[in-house]
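Report on the following structure.
Note that ligands are numbered from 1 as they come in the structure, with each ligand's atoms numbered from 1 the same way. Side chains are part of it too, since the values below use all heavy atoms of this structure and drop only hydrogens, waters and symmetry mates. Keep in mind that this is a model prediction, so the values were computed, not measured.
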Amino acid sequence: MKYISTRGGMAPQSFSDILLEGLAPDGGLAVPETIPQVAAETLEKWRGLGYAELATEILSLFIDDIPQEDLRRLTAAAYSAEAFPGPKMVPLKPLKGGMSLVGLSEGPTLAFKDMAMQFLGQVFEYVLERRGTTLNILGATSGDTGSAAEYAMRGKRGVTVFMLSPQGRMSAFQRAQMYSLQDDNIHNIALDGVFDDCQDIVKSLAGDLDFKSTYRLGAVNSINWARIAAQVVYYFWGWLRATDQIGAQEVSFCVPSGNFGNILAGHIAREMGLPIRRLVLATNENNVLEEFFRTGVYRPRSAAQTHATSSPSMDISKASNFERFVFDLLGRDPQRLAQVWKGLDTDGQFDLSDLKSEFEGRYGFVSGTSSHADRLETIRKVKEESGVLIDPHTADGVKVAAAYVEPGIPMLVLETALPAKFAETIVEAVGEEPPVPAHLGDLASLPQRVVNLDCEVELVREYIRQHAPA
Ligand SMILES: *Cc1c(COP(=O)(O)O)cnc(C)c1O
């Protein structure tokens with residue numbers, strides 16, 4: 001299995017080669033040369049597997065330069081009872097109205113990003129060790145991604161994390177989560193600024209090619225292919241568990257979406273032959289993607305046009321993984337793709353409305369949006385009808401999914417976070433604080449480890465110089 005760039009300008013590379021890179025050298029994204037196919041009999045054979053074993057089977061279709069027994073060790077460590085302490089790994093939770101939640105948020109940071117990050121931590125350590133090199137991960141976070149990355153990379157040999165966060169702009173829960181980590185290889189740097197200032201400093205340091213190569217700077221952002229591949233696993237898992245009793249048949253998935261990473265994995269699973277009827281894409285008020293699937297026009301927004309909402313992890317102006325889906329939509333033709341993205345650069349948008357009939361007809365995609373009022377109403381309603389408290393992002397999913405439920409077709413809504421992370425909106429919806437999982441009960445009282453710096457690129461550069469391992 002080799003990987004190529006969506007824009008056609010990269011010689012085919014192996015999984016381990018693209019693992020540590022961001023964009024392809026031509027500015028495109030790495031995609032598998034061909035999508036592996038899974039036959040119906042194979043699916044049935046997989047019914048008896050545990051989550052980590054299923055992950056080994058599926059990931060080995062995308063990774064042929066790591067021996068399968070090593071991969072087995074990595075997935076066992078990633079999807080261990082220590083990282084996912086609940087009674088079940090990725091439980092399905094039935095709701096009223098033909099829907100079930102897929103419980104992806106039982107990991108250390110209570111959001112679905114742990115599902116891919118925990119594997120990423122293992123495979124980074126493995127590949128770095130095998131190549132005899134090290135990596136300094138530099139990132140900026142407004143909460144979710146940074147904490148998932150830190151929990152995945154803590155204590156990993158060969159990896160050091162420098163995570164910039166905006167001082168005083170994260171919730172008390174998010175701060176406690178990140179800053180209570182005491183591992184030597186995790187550096188929390190709180191800057192006196194907003195998230196965009198943190199992001200600018202990351203761009204500036206990563207753009208300084210001398211500094212970048214001297215200090216072996218890397219990233220773990222949402223375009224990383226290993227994250228997408230690890231996410232494909234839970235679509236198979238969700239399908240298997242939803243059909244254990246009723247036998248092989250189609251199911252639909254609904255995915256609360258931002259950067260198009262999560263639902264892209266669903267698209268890949270469907271292309272691999274998993275019987276998925278519809279992929280329902282849910283957005284919040286930031287409806288860049290809903291607009292595309294409704295009209296065929298992709299129109300990224302400016303920072304000023306991006307709303308700060310009560311499902312903040314979906315507040316995106318453009319969707320960084322979307323190019324991989326458009327590549328398939330254009331018949332995997334890198335020339336056409338490069339043309340379309342050139343148009344995006346010059347016109348600020350592109351129009352693929354001539355392919356609109358394929359969005360649903362060929363690829364199963366439909367979409368919808370949800371507002372703050374919808375979110376509150378849905379959280380209330382699900383609690384009342386089903387006795388389950390859901391988080392604001394999952395609520396966007398449930399709201400949009402409801403319009404696409406069909407008789408006899410299970411609708412699986414991905415639970416992208418637990419309500420404990422977003423107490424303010426939960427209190428607004430139902431008038432009470434969400435429960436905090438037992439293993440995190442004492443989080444708020446743990447000592448915190450964070451350095452505060454003025455928001456200046458030179459101060460961050462100096463900090464990395466002094467703290468990056470030789
Ligand atoms: C990251 C995130 C999303 C959006 O996922 P994408 O892969 O960016 O589409 C949705 N909900 C939560 C809670 C998240 O953390």
Side-chain angles (χ1 to χ4, degrees), residues 29 101-118 120 139-152 170-171 173-174 177-178 195 220-232 234-235 253-269 279-290 292-293 300 306 309-325 365 367-370 375 378-379 390-401 413-423 425-426 434:
L29 301 181
L101 299 178
V102 183
L104 301 176
S105 302
E106 316 286 316
T109 73
L110 313 186
F112 87 95
K113 293 194 173 68
D114 288 329
M115 296 302 302
M117 278 302 186
Q118 286 293 318
L120 205 67
T141 189
S142 52
D144 273 355
T145 312
S147 59
E150 290 189 351
Y151 277 80
M170 295 193 302
S171 71
F173 186 85
Q174 288 173 320
Q177 233 181 0
M178 288 179 59
F195 171 70
V220 288
N221 40 35
S222 71
I223 57 168
N224 189 294
W225 174 260
R227 284 178 66 180
I228 306 295
Q231 288 168 187
V232 169
Y234 53 69
Y235 285 88
F253 283 91
C254 178
V255 188
S257 293
N259 272 317
F260 205 82
N262 199 352
I263 201 165
L264 175 74
H267 161 70
I268 302 288
L279 287 164
V280 182
L281 181 143
T283 69
N284 64 18
E285 291 87 338
N286 297 292
N287 68 333
V288 184
L289 290 166
E290 180 273 333
F292 175 79
F293 285 103
T306 306
T309 76
S310 49
S311 45
S313 302
M314 293 156 65
D315 291 349
I316 53 107
S317 51
K318 63 180 169 62
S320 47
N321 270 296
F322 190 48
E323 181 170 337
R324 288 184 167 120
F325 172 70
F365 270 90
S367 67
T369 65
S370 165
R375 223 163 280 141
T378 306
I379 293 169
I390 56 174
D391 105 289
H393 306 78
T394 308
D396 288 334
V398 170
K399 189 269 173 180
V400 172
V413 180
L414 301 191
E415 184 177 39
T416 56
L418 291 191
K421 290 191 92 161
F422 303 97
T425 304
I426 301 302

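- The protein heavy atom nearest to atom 11 (N) of ligand 1 is Thr416 OG1, 3.0 Å.
- Using cut-offs of 30° and 60° on the angle between ring planes, the pair His267 and Phe325 is perpendicular.
- Atom numbering of ligand 1 starts at 1 in the shown order; those under 4.0 Å from a heavy atom of Phe112 are 1 (C), 2 (C), 3 (C), 5 (O), 7 (O), 14 (C).
- Test Thr309, Asp315, Thr306 against Asn286 for side-chain hydrogen bond (donor to acceptor under 3.5 Å, both in side chains) and you get one pass: Asp315.
- On a distance-only criterion, Gly258 and ligand 1 share at least one N/O pair closer than 3.5 Å.
- Protein heavy atom at the shortest distance from atom 14 (C) of ligand 1 is Lys113 NZ, 2.9 Å.
- With ligand atoms numbered from 1 in the order given, ligand 1 contributes 6 (P), 7 (O), 9 (O) to contacts under 4.0 Å with heavy atoms of Gly261.
- Proximity of Ser222 to ligand 1 is not established, as no heavy-atom distance is less than 4.0 Å.
- Residue contact check: Met314 has heavy atoms under 4.0 Å from atoms 10 (C) of ligand 1.
- Interatomic distance, Asn262 CG to Met314 CE, rounded to the nearest 0.5 Å: 10.0 Å.
- The N/O atoms of Phe260, backbone and side chain alike, include one that comes under 3.5 Å of an N/O atom in ligand 1.
- Heavy-atom minimum distance, Thr416 versus Ser105: C-OG, 3.1 Å.
- Between Thr394 and the options Leu101, Leu418, Ile379, Thr378, a side chain to side chain contact (heavy atoms under 4.5 Å, CB included) holds for only Leu101.
- Screening Ile228, Val255, Asn321, Val288 against Phe260 for a side chain to side chain contact (heavy atoms under 4.5 Å, CB included) leaves a single residue, Asn321.
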After noting the C-alpha distance and the side-chain angles of Asn259 and Ser320, does the key distance pass the side-chain hydrogen bond (donor to acceptor under 3.5 Å, both in side chains) rule?
CA-CA 5 Å; Asn259 272 317; Ser320 47; 3.3 Å; yes

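- Every atom of ligand 1 is numbered from 1 in the order shown, and the set under 4.0 Å from a heavy atom of Ala417 is 13 (C).
- Scanning all heavy atoms of the two residues, the minimum distance from Asp114 to Gly107 falls at OD2-C, 3.3 Å.
- Closest protein heavy atom to atom 8 (O) of ligand 1: Asn259 N, 2.7 Å.
- Considering Leu289, Asp391, Asn262 only, the shortest heavy-atom separation from atom 7 (O) of ligand 1 involves Asn262.
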